[in-house]
Amino acid sequence: MASNQRRIFLRIILAILVGMGVAMGLVRGFTEAMGANSQEILGRVLEGQHGLKRLLAEDDGDLVMVYGSSMADAGFGPREFDQHIRDLGGDVSTWNFGFGGLNPMFQEFLARRIVDDLNANDRRLKLLLIEFNPFQATKTRRNRAKAIEEPYMSLLLSGDEIADRILEDPASGLRIAEIRYLRDGASAEAITTYLLAEPFQEGAADPGIEEDEAVEARLDEVIDAYFPKYEAEFPEFADCDWCYDWKGGGPLRSERSDELIALMEEYYALVQADYKMQLDRLNRINTSGIIELDFDEDLVVAFIEMVNALKQIADNTEIILLPKNDDWIVNPPEALARLQRVLERIESETGVRVRNFQKIDAVTNDMFGDTTHLNGLDGLEAFTKFLADEYAHLLIDAPGDQSVLPN
């Protein structure tokens, strides 16, 4: 009798396990079909992590890294920077580690992996520039990222850190482990949020500006012409988000055909239309609280912890704020006062100098591709050259340097 009961129980358990396995397989198949996997969620980040390991094995030069948000991704050219430093008499190897979609909490997790990799290879950075993006550290930005916190943690934390998390907070830690090892970064909450976002999201805010249908039609034509042309000119880079051979940046202007440059210039001119810029501004307000800048304490602390970790692996570290399009992003005095207090706190608690480059003569507002990001031609080139001139003294040996004795 007891033996029969054990067999029944074992069959029940086996049936449950098989059912769970089938269900998980169906979920994984569904999320893969929908593009909800680690590569789609954090493709550029994962490629950048892999690229860092490769460059530490292959590149023995003086390393420079710019670490930050999508604004750094869009507005800084690592190979352009190298060229400017060479023109000034130096020789460095510069890499763009700007990643969109990461608030300071996620940036801090990723920074740990960067520190681990450099320490494991006994390497240091000659210069590290860490971008502070004010609207990434707001309460609005934090609240909108709640559904993806654990999926992102599952992809950015190490195995040991996940184990520590299980000990500190078993419920959260086990969820993170399940998302990482069974769901490839796509949590149940993230899937639900993704599926329900479209039918239940609020309608777009009224920009109060009439749309120019001729501009929209021409913009569609330019986009349709650009991507096939780009893929034809750079087929080997069409599928990478963080391209190793471009050091995390893009092709140089000199590498692009005149036709491709003309399409880019027209695109950037068209997206400067008031209607599109106002829509982008309203989107930034709704998703990031970019005007009021009501900072989230946890995100500010995470940024400080990130800087304190990263500065240990660099000879020279500074925190920078990228140019701001103040034709469209105008903060009231109280928001600017909040920003100033946060910057002073960051500088005080890290011991790292903060350089505010939000308004510099080298960059004008017509060099933006939207209300926040510099465009990939004039904006990127102007700001990259500005940074090269600003930091050349840290990267170029002074005449008569005796650090290497003659034979």
Side-chain angles (χ1 to χ4, degrees), residues 44 47-48 51-52 54-55 58-59 61-100 125-131 133 226 230 233-234 236-238 240-265 267-268 314 316 318 320-325 355 357-358 360-370 372-396:
R44 179 173 166 84
E47 289 177 19
L52 177 61
R54 180 179 168 187
L55 78 88
E58 297 179 353
D59 191 334
D62 287 337
L63 301 178
V64 175
M65 178 184 291
V66 174
Y67 185 72
S69 71
S70 61
M71 287 175 60
D73 175 13
F76 177 75
R79 295 163 69 222
E80 289 87 344
F81 187 89
D82 287 348
Q83 284 189 343
H84 289 306
I85 295 299
R86 280 195 297 272
D87 291 342
L88 295 170
D91 185 16
V92 295
S93 178
T94 306
W95 299 81
N96 185 328
F97 276 73
F99 303 103
L125 302 172
K126 181 78 170 179
L127 173 65
L128 170 63
L129 300 180
I130 304 172
E131 176 206 0
N133 183 336
Y226 174 82
Y230 177 87
E233 292 188 17
F234 308 105
E236 67 273 34
F237 300 110
C240 64
D241 295 314
W242 189 96
C243 301
Y244 183 84
D245 289 340
W246 288 342
K247 298 185 163 186
L252 303 174
R253 182 189 286 260
S254 61
E255 295 169 338
R256 306 176 195 256
S257 68
D258 292 341
E259 294 84 357
L260 195 63
I261 292 173
L263 287 170
M264 293 180 69
E265 290 175 338
Y267 170 83
Y268 290 130
N316 302 282
E318 288 200 349
I320 62 173
L321 277 70
L322 268 66
K324 168 184 168 184
N325 188 342
R355 308 288 302 281
F357 299 139
Q358 288 191 318
I360 54 177
D361 292 339
V363 174
T364 54
N365 288 339
D366 61 348
M367 295 180 179
F368 283 79
D370 55 27
T372 55
H373 298 82
L374 291 170
N375 70 44
L377 285 176
D378 297 338
L380 177 147
E381 290 169 345
F383 185 61
T384 300
K385 185 179 187 305
F386 169 84
L387 288 181
D389 292 337
E390 195 72 20
Y391 291 100
H393 68 285
L394 298 176
L395 302 173
I396 300 172

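FYI, side chains are in, hydrogens and waters are out, and symmetry mates aren't considered; it's all heavy atoms of this structure. Just so it is clear, the structure is predicted and the values come from calculations on it, not from any experiment.
- Across every non-hydrogen atom of Ile320 and Leu129, the tightest pair is CD1-CB, 4.2 Å.
- In this structure, Phe386 has its ring center closer than 6.0 angstrom to the ring center of Phe357.
- In this structure, Asn365 and Lys324 approach most closely via the heavy-atom pair OD1-O, 3.6 Å.
- Two residues are said to be in side-chain contact when any heavy atoms from C-beta on lie closer than 4.5 Å; Asp370 and Asn325 fail this criterion.
- Residue-environment remark: CG (Asp361) stays at or below the threshold of 12 foreign heavy atoms within 6.0 Å.
- The CG atom of Asp73 lies 10.0 Å from the CD atom of Glu131; values are rounded to the nearest 0.5 Å.
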Arg256 vs Glu265, test: salt bridge (charged side-chain N to carboxylate O under 4.0 Å, His left out). Steps then yes/no.
CA-CA 12 Å; Arg256 306 176 195 256; Glu265 290 175 338; over 6 Å; no
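- For the side-chain contact (heavy atoms from CB on, under 4.5 Å) test with Val64, the passing option among Leu387, Leu128, Leu395 is Leu395; the others fail.
- Residues His84 and Thr384 have side chains that never bring a donor and an acceptor to within less than 3.5 angstrom of each other.
- Trp95 has its ring centre less than 6.0 Å from the ring centre of Tyr244.
- The minimum heavy-atom distance between Arg44 and Gly98, with the atom names listed, is NE-O, 2.7 Å.
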Is there a salt bridge (charged side-chain N to carboxylate O under 4.0 Å, His left out) between Arg79 and Asp245 once you walk through the steps?
CA-CA 10 Å; Arg79 295 163 69 222; Asp245 289 340; over 6 Å; no
Show your reasoning for whether side-chain contact (heavy atoms from CB on, under 4.5 Å) applies to Phe368 and Val363.
CA-CA 9 Å; Phe368 283 79; Val363 174; 4.2 Å; yes
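- Between Leu252 and Gln83 the shortest heavy-atom distance is CD1-NE2, 3.4 Å.
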